[in-house]
Amino acid sequence: MRLRRAPLLTLLLTLGISTAEARVRLGEPLPQHPWTAAAQEVVVVYSHDCGDLGNLWSAVLAAGLPVRAVNAEGFPSPAPAGVQAWTGEAATTFARQLRVGTYPTVLLVQDGRIMNAWEGTFSGKLE
């Protein structure tokens, strides 16, 4: 029998071993946003100058949770197919209210509250 890793567990473990120090506060509610909240969701806050986010998007999408993309800082940058990015001044305000220190930032959100936060460059493999 071949064991398969649970994508959500792998994502949580990867996010939990970040070397960056997130300034986002765990347990706080998300600021106002335009989407209907899910019981559990992943929020990716990024900007145009993050570089190649292909590995990060793959890991986030593999978690099997609803994914919310927030493209901050006023320069449009695409999200993966099937993920609608929130852009504009309101998206940047959202990022600043969260106190995002580094883009990209990935948040695990449960019932509208931040349960885990990871900031920085992602280069790991989720296998």
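Just so it is clear, the model here is predicted, and its values are computed rather than measured.
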**Asked** Within the distance-only criterion (no hydrogens, no angle test), does the side chain of Y103 pair as donor or acceptor with the backbone N or O of A72 below 3.5 angstrom?
**Response**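 Such a contact is absent between Y103 side chain and A72 backbone.
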**Request:** Spell out, as yes or no, whether a donor-acceptor pair under 3.5 Å connects the side chain of E119 to the backbone of G101.
**Result:** yes
Heavy-atom pair with the smallest gap, counting every atom of [X] and [Y]:
X: H48; Y: S77; answer: CA-CB, 3.9 Å
X: N71; Y: A85; answer: CB-CB, 4.3 Å
X: T102; Y: T105; answer: O-OG1, 2.6 Å
X: G74; Y: T92; answer: N-OG1, 3.8 Å
X: V83; Y: A79; answer: O-CB, 3.5 Å
X: R68; Y: A37; answer: NH2-C, 4.4 Å

**Prompt:** Just wondering, do F94 and H33 contact through their side chains at under 4.5 Å, heavy atoms?
**Reply:** yes
**Prompt:** Taking side chain as C-beta onward, heavy atoms only, is I114 less than 4.5 Å from L98?
**Reply:** yes
**Message:** Please check if the number of heavy atoms outside E28 that lie under 6.0 Å from its CD is greater than 12.
**Reply:**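 Yes, CD of E28 has more than 12 neighbouring heavy atoms, counting only those of other groups under 6.0 Å.
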**Request:** Among N116, L30, V44, find the residue that satisfies the side-chain contact (heavy atoms from CB on, under 4.5 Å) test when tested with L107.
**Result:**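 Single pass found, and it is L30.
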**Message:** Tell me which one of L53, V106, V70, L56 satisfies side-chain contact (heavy atoms from CB on, under 4.5 Å) with Y46.
**Reply:**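 Of L53, V106, V70, L56, side-chain contact (heavy atoms from CB on, under 4.5 Å) with Y46 is met by L53 alone.
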**Item:** Interatomic spacing from CZ in R96 to CD in E73 - rounded to 0.5 Å
**Value:** 4.5 Å
